[in-house]
There are 4 protein chains.
Amino acid sequence: MSDNSARPRGGRPRRAGVGAAVRQAAEELIAERGYAGTTLDLIAQRAGVAKTTVYRRWRSKSHLAIDTLADLLGDPPAGIDLLSPITWLAAQVREPSVRRLLVGLVGEAGQDESVRAELRARIREPFTRHLVDEFGLSAPDVDLAFDVVVGALLHRLAMTGELTDTDALAVTDLATRLVFGR
Amino acid sequence: MSDNSARPRGGRPRRAGVGAAVRQAAEELIAERGYAGTTLDLIAQRAGVAKTTVYRRWRSKSHLAIDTLADLLGDPPAGIDLLSPITWLAAQVREPSVRRLLVGLVGEAGQDESVRAELRARIREPFTRHLVDEFGLSAPDVDLAFDVVVGALLHRLAMTGELTDTDALAVTDLATRLVFGR
Amino acid sequence: MSDNSARPRGGRPRRAGVGAAVRQAAEELIAERGYAGTTLDLIAQRAGVAKTTVYRRWRSKSHLAIDTLADLLGDPPAGIDLLSPITWLAAQVREPSVRRLLVGLVGEAGQDESVRAELRARIREPFTRHLVDEFGLSAPDVDLAFDVVVGALLHRLAMTGELTDTDALAVTDLATRLVFGR
Amino acid sequence: MSDNSARPRGGRPRRAGVGAAVRQAAEELIAERGYAGTTLDLIAQRAGVAKTTVYRRWRSKSHLAIDTLADLLGDPPAGIDLLSPITWLAAQVREPSVRRLLVGLVGEAGQDESVRAELRARIREPFTRHLVDEFGLSAPDVDLAFDVVVGALLHRLAMTGELTDTDALAVTDLATRLVFGR
DNA sequence: GCATAAGCGAGACGGTACGTCCCGTCTTACA
DNA sequence: TGTAAGACGGGACGTACCGTCTCGCTTATGC
């Protein structure tokens with residue numbers, strides 16, 4: 001939800017709304033043209049902001065993407081049953097913007113430990129913490145379930161370009177059994 | 001296993017060994033420096049070949065990578081039990097060169113249908129066909145198992161940068177249950 | 001008018017008509033697309049001949065072009081007055097194919113002495129010899145007149161892209177005065 | 001004399017000296033290796049500048065060459081007699097760097113109207129304007145004289161590779177008679 | 001009639017340059 | 001200190017064309 005808003009002392013304050021506008025632009029463009037097809041110049045332009053401003057707030061394109069994705073995902077729904085957060089996760093992956101962000105970021109993660117760390121902290125951990133707190137599950141199990149759901153669906157997408165309800169259901173089932181049945 | 005070796009008639013025949021040398025160079029370099037960090041110029045140079053020669057045989061870096069990967073994977077082992085091909089698959093994904101090729105290709109697949117098609121035909125289909133023929137399983141189930149194993153492991157790698165035996169085992173179990181237990 | 005037809009002994013004789021067809025193709029293509037825009041592959045293709053065949057007969061694109069140009073120019077007209085060969089020369093330069101061949105060759109000549117030599121022997125010398133023999137003029141004077149006419153007109157073309165009657169006339173006058181009035 | 005120095009508002013100003021360094025490098029390299037033998041990479045490297053910087057300031061190699069040439073030529077000398085500017089022009093053409101630039105540009109001009117236009121505006125027009133203003137001559141006559149001098153000398157160079165004093169003198173005479181004697 | 005010699009079509013190959021693209025950094029002026 | 005604007009270095013991309021090469025096949029001559 002944030003760039004790195006801790007800007008305590010002197011100088012001109014940051015212009016409000018810039019963070020949101022940039023994330024919004026990034027989300028739209030990546031949904032339209034994919035991660036690699038989206039330029040930082042393009043994002044800045046659509047957000048009505050200078051490229052410098054973007055780089056002052058985010059270290060790199062990847063880090064902006066992670067922030068955008070985290071913002072987009074929001075929190076898993078509070079509910080009584082275990083099924084709903086997992087189903088929610090699968091539904092999120094089916095959103096074009098989420099999917100294309102994830103695919104791009106998985107690619108970058110291979111090259112850059114800081115991306116991996118950020119991805120864990122901002123994307124997976126909130127989900128895991130939610131299930132651990134809510135249902136008393138073991139964190140490693142939930143992490144694994146997360147990786148199975150997201151990874152399997154993403155990989156299916158990479159293979160076929162689309163994702164049927166049946167696929168999504170099968171994978172959610174599997175993940176549920178994983179955390180539940182052991 | 002091949003570029004497009006069907007060169008029936010006239011003209012100077014393709015120099016033997018070039019295909020293998022280029023794939024070899026691609027494999028090594030991608031293992032060393034990752035997919036994105038590997039240049040076609042570099043591959044050509046290490047293979048002792050002109051860049052134009054590479055582009056004459058493969059449409060793009062992605063297509064060369066798929067060919068390299070297919071060559072590298074080879075066929076799943078013939079065995080009596082169902083477990084061994086799935087275990088074999090997980091083991092393959094743990095190989096650095098296979099993994100980095102896969103990660104790069106999953107990224108490209110998002111942008112390019114022809115990459116997806118080739119990926120299905122050259123990478124997943126041989127595996128699926130093997131299990132269908134050998135054990136009489138349903139193709140969609142095996143496809144899904146493939147996507148679960150490869151996707152989940154790749155995603156874990158993207159999140160943590162490494163892959164423990166425990167992770168691999170858990171995922172293989174899951175996939176086995178998937179094809180077996182239904 | 002010739003490639004290098006002296007092929008005394010054994011072996012399969014050269015196919016008749018190839019020389020003419022290639023020159024014809026070269027002339028047409030260069031007239032259409034300019035010297036630099038014309039590929040040897042293209043010429044060979046239009047002539048219905050393999051590229052190898054072209055290179056067996058001509059050392060390079062430049063040498064083919066010189067041969068084509070010499071063929072195209074033919075001999076200056078026999079006439080009683082001195083004016084007509086010079087007017088003829090100016091008229092030739094105004095032909096698109098001649099002009100574009102010349103422009104291309106002047107460019108190449110800067111790089112390659114063998115092109116210069118060939119250009120002298122095949123293009124300028126026939127003209128000069130004609131005027132020397134016919135009218136008893138001095139060879140250096142005629143050479144200079146040639147360079148003035150061709151050079152000035154070509155340069156005007158390079159500057160404006162076209163050549164009016166007035167321009168052509170003024171330059172022919174000048175050249176005539178040059179050889180005549182001294 | 002300049003790239004397109006009109007950079008009125010905002011943004012990082014262009015690094016001073018880059019224009020001059022690039023033109024200098026281009027001049028030297030073209031004098032050494034000819035127009036076609038000179039790469040933009042090479043020019044950029046010798047100028048200590050990235051290739052992209054060169055392309056940001058000049059549309060193409062040709063346009064850089066025109067700019068370099070204009071800079072190199074400077075203005076014709078102010079003098080009392082008509083002879084001196086024409087002699088000066090002939091002397092300039094005999095300079096290796098000027099000559100090789102001109103030869104290359106004449107070749108490019110055939111392919112590209114924008115090169116022709118730039119050549120007229122930056123190279124010929126300053127010369128013509130000078131003679132028109134200074135001696136009240138007619139612009140078309142001076143243009144023609146320019147084309148005769150430069151064209152004839154360049155063409156002689158293309159034919160023989162060198163240029164004697166006698167040649168230069170003969171052509172200057174001719175051009176002088178042209179503007180003077182009518 | 002069969003060896004020898006060259007021509008030819010087809011297309012692979014090495015090499016070199018091109019002009020474009022995008023990232024992330026920088027340098028100004030102004031707010 | 002933030003911001004707009006845009007220059008800059010660096011590096012890869014995929015394309016184009018040249019002139020050479022290597023095959024298999026064809027067509028002549030000379031023994």
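Chain identifiers are assigned alphabetically (A, B, ...) following the order of the sequence lines, protein sequences preceding nucleic acid strands; residue numbering begins at 1 within each chain.
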Checklist entry - Does F/dG2 have OP1 or OP2 sitting under 4.0 Å from an N or O in the side chain of A/Arg14? => result yes
Checklist entry - Which residue lies toward the 5' end of DNA chain F, C/Arg33 or A/Arg15, if each is placed at its nearest nucleotide? => result A/Arg15
Next on the checklist: Counting distance alone, no hydrogens or angles: does the base of F/dA28 have a donor or acceptor under 3.5 Å from a partner atom on the side chain of C/Arg12?
Outcome noted: no
Checklist entry - Looking only at N and O atoms, is any donor in the side chain of C/Thr52 or the base of E/dA10 less than 3.5 Å from an acceptor on the other one? => result yes
Item to check | Base of F/dG19 paired with side chain of C/Lys51 (donor-acceptor, under 3.5 Å) | outcome: yes
Checklist entry - What pattern of brackets, bars and dots sums up DNA chain E from 5' to 3', given Watson-Crick or G-U wobble pairs under 3.5 Å, [ ] for crossing pairs and | for another strand? => result |||||||||||||||||||||||||||||||
Checklist entry - Does the side-chain contact (heavy atoms from CB on, under 4.5 Å) test come out yes or no for A/Ser114 and A/Arg59, once each step is laid out? => result CA-CA 10 Å; A/Ser114 85; A/Arg59 255 200 279 173; 3.5 Å; yes
Checklist entry - Looking only at N and O atoms, is any donor in the side chain of C/Thr39 or the base of F/dA16 less than 3.5 Å from an acceptor on the other one? => result no
Checklist entry - For D/Thr53 and F/dA7, is the shortest distance between a side-chain N/O and OP1 or OP2 below 4.0 Å? => result no
Checklist entry - Just to confirm, is there a sub-4.0 Å distance from OP1 or OP2 of E/dC8 to any side-chain nitrogen or oxygen of C/Arg57? => result yes
Checklist entry - So does D/Arg56 get a side-chain nitrogen or oxygen closer than 4.0 Å to the phosphate oxygens (OP1/OP2) of F/dG6? => result no
Next on the checklist: Checking contacts here: which listed nucleotide (E/dG19, E/dG14, F/dC18) is nearest the side-chain heavy atoms of C/Leu40?
Outcome noted: F/dC18
Checklist entry - For C/Ala16 and A/Lys61, take the nucleotide of DNA chain E holding the closest heavy atom to each; which residue's nucleotide lies nearer the 5' end? => result C/Ala16
Checklist outcome for this item: Walking DNA chain F from its 5' end, the first of C/Pro13 and D/Gly48 to be reached, judged by nearest nucleotide, is D/Gly48
